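For clarity, every value in this text was computed on a predicted model and none was experimentally measured. So you know, we letter chains A, B, ... as the sequences are listed, proteins then strands, and number each from 1.
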There are 2 protein chains.
Amino acid sequence: MKQITKYIIKNSLKRIFLYRACLSRLRMMGVEKVFSYTLAHETGVTSEQVRKDFSEFGIKGNKRGGYNTNELLEVMENIFHRNKEQNIVLIGMGNLGIALSKHGQFFQRNMNIVATFDIDPFKQKVRSNIPVYSLSRLKEIIDRFKVKVVILAVPEISAQEVADELIRLGIKGIVNFAPVLLKVPNDVIINNVNLCNELESVIYYVHKQIKADGSKNLEILYTGMKY
Amino acid sequence: MKQITKYIIKNSLKRIFLYRACLSRLRMMGVEKVFSYTLAHETGVTSEQVRKDFSEFGIKGNKRGGYNTNELLEVMENIFHRNKEQNIVLIGMGNLGIALSKHGQFFQRNMNIVATFDIDPFKQKVRSNIPVYSLSRLKEIIDRFKVKVVILAVPEISAQEVADELIRLGIKGIVNFAPVLLKVPNDVIINNVNLCNELESVIYYVHKQIKADGSKNLEILYTGMKY
DNA sequence: GAATTGATGTGAAACAAATCACAAAATATA
DNA sequence: TATATTTTGTGATTTGTTTCACATCAATTC
């Protein structure tokens, strides 16, 4: 029997994020042409890996000429559908939900939070230009804005219930901040973000390294970024 | 030349998180004994994988008897050093920083945010019992509470500068929310959390699946969780 | 315009991770 | 007490990913 769970984010895709971050910095610095080893050096991977990843995503360079920074960035933006605006809905206006609704980077990257929702009428007031609705208006908004992806920031107890309703309304992707393993149909993409786990894993590796001590023979020689 | 960047969070460790989430739910339901296939079924991995992972972390079960839920959970809590309290410091009290400082789950899981910091004197007031200090008091607090791990939620521009200072003060692990590839020494663990990337990757897979259409031949058959 | 140089792109090789297959052990049953 | 059953734990095998090695091409130099 094979595992039914695939890790949503493949390592090659994660590295594409890395390359992109690096590229936009290079572009800001006015660099017009990059080579696989430039990106490799900046991101801590090997240049073969960069080229292999590019080949997976169908990215072609120029023999001896490297890659044009702008073209490369554009290709990457297309990979993530940043060419056309994505309408997103956010559910749960607790601590985290409020912060996410104000998170400017989403908008900068063409991902628009068109509406937020909360069960609590007390929280249903407009904040930072994004309206907060009752859950009863979910269908209306999802249909009107053709929403396919939501951010779920509701408490643990209600996460599954809300997810079920969302899927019934045609949602195909969920970024889930609740520490729950949602049960969803095969065609729905779930990406669980668990802040505690992120912190705990750092604690785990730090302790491991402190124990290993002599800075040699470390299992992780890690100089930069996770992806 | 080998890649110097290792993915901080190994897949086997991610799955330990999964098993733990599952176990604490089972314990709540009064289940005292679990088998590898129980966890396997709940988490979407195979039972051999569960046992292989356990073996990697030195977890032993009872032949024919499975695993004792409580013992297993305790072993896992030890893996993540949840037996002893971890003092954490949070830097940057913007949107996200404020939300993180109020994030109850950290405390529940024995990770104490002992202090927060911000460059802006206007933000330096006590919120939700956790004091907000000026960055000038970093050394004092890090020393007093023997802090080894920090949460970095400062703007992109200042992230590297603050990270440099933190490392100078002896910090060994950083959960970095700024969209920057921090340059740090080999013995410092970085875990980058980029909320945009998490959302974009879901958008990527949703579009891919919509394009693939006929629900068959999907590259991802994904029923539950990311890890 | 031939020779050299410096990059890409990709099969082949090496390595790592997941699955298979089954021995070993513990319990239940006869 | 012997036999059957159930589940763990792990070598062997398969599958997937990264690294190596080099053919290929385009620009530059002679």
Side-chain angles (χ1 to χ4, degrees), chain A residues 1-16 18-19 23 26 31-69 71-72 75 219-222 225-227, chain B residues 1-19 23 26 31-69 71-72 75-76 219-222 225-227:
Chain A
M1 203 247 283
K2 268 209 157 187
Q3 283 188 197
I4 50 168
T5 303
K6 298 277 176 206
Y7 310 107
I8 281 201
I9 309 180
K10 276 173 63 181
N11 286 347
S12 54
L13 187 64
K14 286 192 188 172
R15 285 190 301 260
I16 295 287
L18 262 194
Y19 305 144
L23 277 165
L26 290 171
V31 178
E32 284 173 12
K33 205 163 70 168
V34 293
F35 304 104
S36 58
Y37 58 80
T38 325
L39 288 171
H41 182 260
E42 289 290 310
T43 55
V45 302
T46 64
S47 56
E48 304 92 314
Q49 184 73 79
V50 173
R51 297 198 299 275
K52 267 271 152 87
D53 288 336
F54 282 6
S55 128
E56 184 184 331
F57 287 91
I59 297 171
K60 295 272 171 193
N62 314 302
K63 284 267 165 74
R64 201 187 164 143
Y67 307 83
N68 177 287
T69 312
E71 282 175 26
L72 199 47
V75 173
E219 194 165 304
I220 10 165
L221 290 165
Y222 180 76
M225 60 305 286
K226 164 175 83 164
Y227 301 106
Chain B
M1 204 248 283
K2 268 208 157 187
Q3 285 188 196
I4 50 165
T5 303
K6 299 277 178 206
Y7 308 107
I8 280 204
I9 308 183
K10 274 173 63 182
N11 286 347
S12 54
L13 188 63
K14 286 192 188 173
R15 285 190 301 260
I16 296 285
F17 282 123
L18 260 195
Y19 305 144
L23 277 166
L26 289 171
V31 178
E32 286 173 11
K33 207 163 68 169
V34 293
F35 304 105
S36 59
Y37 58 80
T38 323
L39 288 171
H41 182 260
E42 289 289 310
T43 56
V45 302
T46 63
S47 55
E48 303 91 315
Q49 185 72 78
V50 173
R51 297 198 298 274
K52 268 270 154 83
D53 289 337
F54 282 6
S55 129
E56 184 183 332
F57 287 92
I59 298 171
K60 295 273 171 189
N62 314 301
K63 284 268 165 74
R64 204 192 160 140
Y67 306 82
N68 177 286
T69 312
E71 281 175 26
L72 199 48
V75 172
M76 288 186 182
E219 194 165 304
I220 8 162
L221 290 165
Y222 179 77
M225 60 303 287
K226 166 175 84 165
Y227 303 106

Interatomic distance where [atom1] belongs to [X] and [atom2] belongs to [N] [whole Å]:
X: B/E56; N: D/dG9; atom1: CD; atom2: C1'; result: 14 Å
X: B/Q49; N: D/dT7; atom1: CD; atom2: P; result: 20 Å
X: A/N11; N: D/dT18; atom1: CG; atom2: C1'; result: 11 Å
X: A/K33; N: D/dA26; atom1: NZ; atom2: P; result: 14 Å

**OP:** Go along nucleotides 6-15 of chain C 5' to 3' and tag each nucleotide: B for a protein heavy atom under 4.0 Å from its base, S when only backbone or sugar atoms are that close, - otherwise.
**Re:** BSBBBBB---
Subject >> From CG (A/L13) to CZ (A/R15), nearest 0.5 Å >> reply: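 A/L13 atom CG to A/R15 atom CZ measures 10.0 Å (nearest 0.5 Å).
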Original post:
For the helix from C/dG1-D/dC30 to C/dA30-D/dT1, what is the angle between the axes at its two ends, each from 5 pairs, rounded to 10°?
Top reply: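 So the angle between the two local helix axes works out to 10°.
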Original post:
Do A/E56 and A/K10 have side-chain heavy atoms sitting under 4.5 Å apart?
Top reply: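 In short, these two side chains touch, coming nearer than 4.5 Å.
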**OP:** Answer whether the closest heavy-atom distance between the side chains of B/F54 and B/L72 falls below 4.5 Å.
**Re:**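 They are in side-chain contact.
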Could I get the full list of side-chain contact (heavy atoms from CB on, under 4.5 Å) partners for [X], not counting sequence neighbours?
X: A/N62; value: none
X: A/Y37; value: A/F35, A/S47
X: A/S55; value: none

**OP:** List for me each residue that meets side-chain hydrogen bond (donor to acceptor under 3.5 Å, both in side chains) alongside B/Y19, sequence neighbours excluded, and say none if there are none.
**Re:**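 For B/Y19 the side-chain hydrogen bond (donor to acceptor under 3.5 Å, both in side chains) partners, ignoring immediate neighbours, are B/D53.
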**OP:** Show your working on side chain to side chain contact (heavy atoms under 4.5 Å, CB included) between B/M76 and B/I16 and close with a plain yes or no.
**Re:** CA-CA 8 Å; B/M76 288 186 182; B/I16 296 285; 4.2 Å; yes
